[in-house]
2 protein chains.
Amino acid sequence: MSDVARQAGVSQTTASFVLSGRTDMRISEAAQARVKEAAAALGYRPNVTARSLRTRVTRTIGFVSDAITTTPFAGEVIRGALEVARAHDHLLFIVESEGSADTETALVNALVDRQVDAVVLASMYTRYITPPKDLHGRRVVLLNCLAPGFDAPSVIPDEVEAGRAAGRVLLAAGHRNGIWAIGGHQAIPATPEGTFAGNERMRGLQEVLRQERVVLDGVVECEWNAEDGYRETRALLAAGRRPRALVCSTDRLSFGAYQALAEAGLTVPGDVSAVSFDDQDIASWLRPALTTLALPHYEMGRTAMELLLGGEPLGSAVHRIPMPLRERGSVAAPGR
Amino acid sequence: MSDVARQAGVSQTTASFVLSGRTDMRISEAAQARVKEAAAALGYRPNVTARSLRTRVTRTIGFVSDAITTTPFAGEVIRGALEVARAHDHLLFIVESEGSADTETALVNALVDRQVDAVVLASMYTRYITPPKDLHGRRVVLLNCLAPGFDAPSVIPDEVEAGRAAGRVLLAAGHRNGIWAIGGHQAIPATPEGTFAGNERMRGLQEVLRQERVVLDGVVECEWNAEDGYRETRALLAAGRRPRALVCSTDRLSFGAYQALAEAGLTVPGDVSAVSFDDQDIASWLRPALTTLALPHYEMGRTAMELLLGGEPLGSAVHRIPMPLRERGSVAAPGR
DNA sequence: CTGAAAGCGCTAACAT
DNA sequence: ATGTTAGCGCTTTCAG
């Protein structure tokens, strides 16, 4: 910068003012032009590290996630966050704690030592967490997780409303009997009380059904992968149960259910309707394509960053992002 | 740091030496202990920004990708990169150019202004690129892309060898006739010469088949998505062709092929064998699970970062990472 | 409207 | 074995 100033025949102060685009210290048009010209001629680029040292602002945000790889949606979260960051001229340090608290602490320290302006704490499935102490008193937003005692806003999907929507789709198609929930609350040995998403989805579903005095034929609690959907649907069929509609807690479960149904010579949606949650890629690859409630990962990423960069005080509200209904071909009137 | 020095009763220099763990300037055990104690007591954390300004080293790397969201593998690349970065105590700025050259230039500038030590230029499918000029002369590694004139190493999957492996799997099972390639070189209007991966996969495949004097019944050039696999396999069947084995250029194509085969009452692998490329999640969800050649995204991410942080000169070699064969249930001896 | 000078927190010659 | 001093590149009072 001092080279630029010298070449423009002004002091470094003047160069600084015009190069950082400040207007409050009125510089003559002539001087501005000379500085800009000199900067261009010399190929001047600011050293943001030096600027940050002085201003105590790095325009840098730490994005700490437990695992960016496990779920295929993760990319969407990051894409949303990245887009907003870029619009505000900020950069993201992305780190992954791999679920280890020690790693998380070490990484948060590394971020803080680099003077990040704020931190996003992201979880790949919705759950309660306890943020590392080094984050207390800092600008933080919780993405897809909740920490009741901790002073930071949370951004999560509106699962209860999604559960209601799933119920409404089935009711609207005329289903009142033979409705089974596959996956349910995910009340399995590893999570005996169910998971956050499982509990909320079921709550919304049951609420809507109850209003119409419809009761589920059953809720199958199991893990949420393709193989579980196959196994449990097959078991259902083998036990002589003949569902008219399936509410699968994930698209992966629906995928497995499709396989079991096809094996049994049953068609979707002619014999059995299916509605699920997530909107993974396979939801639209299946034939018929799946009607599902989409996890709004992109929007969540955006919202978290907008909270951080929007200039409003952060607060500690829970922001529930709507899960859009993707109506496709897997729901029809009940089969004969 | 000066607080720590004062409390320890030493100069700032001494404090600096012990806190940055330098051993070349021998400090007495006593002084070291006092400094460490004072640092712990005061909760001292170094300001890496300030250190970087002085040392001209930020321990920070820019990871520029064209789209981290499009492909589900992207997360694996990043996970690999992140792990190595962490092992070397470096942080990653991750940015996405969304395929726009202007955006890419702007982001590269933002990274350079923040004094990143190196840059990874990543593409989500293997292809030739022209790196932005602002990167000339800097430490760069190309991830999943090639830039012949540019002085930087490339890390790409070994597609030719994968093509050979696909051929060998089929030959070993006894296939010599009725082999069709679905997806082929991806010689479609958008990419009339085929894609890099398509061309290399086909080259390897043909090479191995030719050695055994086996010729493909045909190569169907189309896009590489699930719907294309369904449509083209269906068309094949409708045209009275009865393939004994399918080499699908992606798992998605195989997925679609499975659907068309099932519709026609054909079973895998009893009637038709299938082998493909990528090893996406669905490859193992399908029934039977798909035999496929895995894109080594995790390894690629690691390799790129190890090149950067390993201390060796970068060079400009092309590093071809093996694509492991995942043998599952979709290949058997030719059907009756 | 512009310039001189101090200092952000740290490291590294150079003394001692 | 430790301290003095000078910056790294930039912003920001404060004087003119």
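Every chain is numbered from 1, with letters handed out A, B, ... down the list of sequences.
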- Item | Verdict with reasoning, A/Thr60 to A/Arg114, per side chain to side chain contact (heavy atoms under 4.5 Å, CB included) | CA-CA 9 Å; A/Thr60 264; A/Arg114 276 175 177 90; 6.0 Å; no

- Message: Counting only heavy atoms and a strict 4.0 angstrom limit, can you tell me which residues of residues 1-14 of chain B come near DNA chain C?
- Response: B/Met1, B/Gln12, B/Thr13

- Does anything in residues 296-318 of chain A pair up under side chain to side chain donor-acceptor pair (under 3.5 Å), and if so which pairs, sequence neighbours excluded? A/Glu83-A/Tyr298, A/Glu83-A/Arg302, A/Tyr298-A/Arg302, A/Arg302-A/Glu306

- Heavy atoms under 4.0 Å, any strand shown: does A/Ser16 hit a base, just sugar-phosphate, or nothing? base

- Query: Would you call A/Asp113 and B/Arg59 a salt bridge, taking side-chain N to carboxylate O under 4.0 Å as the test?
  - Reply: no

- Side chains of A/Asp117 and A/Thr58: is there a donor and an acceptor less than 3.5 Å apart? yes

- Find the distance A/Phe17:CZ to D/dG9:P and express it as a whole number of Å. 20 Å

- Gap between atom CD1 of A/Ile94 and atom CG of A/Leu91 - 0.5 Å precision: 10.0 Å

- Item | Any pair counted as side chain to side chain donor-acceptor pair (under 3.5 Å), so long as it reaches residues 136-153 of chain A, sequence neighbours left out | A/Thr126-A/Asn144

- Examine distances only and state if a side-chain atom of B/Arg34 and a backbone atom of B/Ala8 form a donor-acceptor pair shorter than 3.5 Å. yes

- Query: Rounding to a whole Å, what distance do you find between A/Glu29:CD and C/dT2:P?
  - Reply: 10 Å

- Task: In plain terms, say whether A/Arg320 and A/Glu200 are close enough for a salt bridge, that is, a side-chain N and a carboxylate O under 4.0 Å apart.
- Result: yes

- Given A/Phe63 and A/Val77, is the side chain to side chain contact (heavy atoms under 4.5 Å, CB included) satisfied, shown in steps? CA-CA 11 Å; A/Phe63 187 103; A/Val77 179; 3.9 Å; yes

- Task: Using salt bridge (Lys or Arg N to Asp or Glu O under 4.0 Å) as the criterion, list what pairs up with B/Arg54, not counting sequence neighbours.
- Result: none

- Note on the structure: Axis-to-axis angle across the helix from C/dC1-D/dG16 to C/dT16-D/dA1, five pairs each end, nearest 10 degrees, ~ 40°

- Item | Between D/dG9 (P) and B/Arg114 (CZ): distance, integer Å | 18 Å

- Task: Kindly state which residues belonging to residues 38-62 of chain A come within less than 4.0 angstrom of DNA chain D, counting heavy atoms of the residue only, listed by number.
- Result: A/Tyr44, A/Arg45, A/Pro46, A/Asn47, A/Ala50, A/Arg51, A/Arg54, A/Thr55

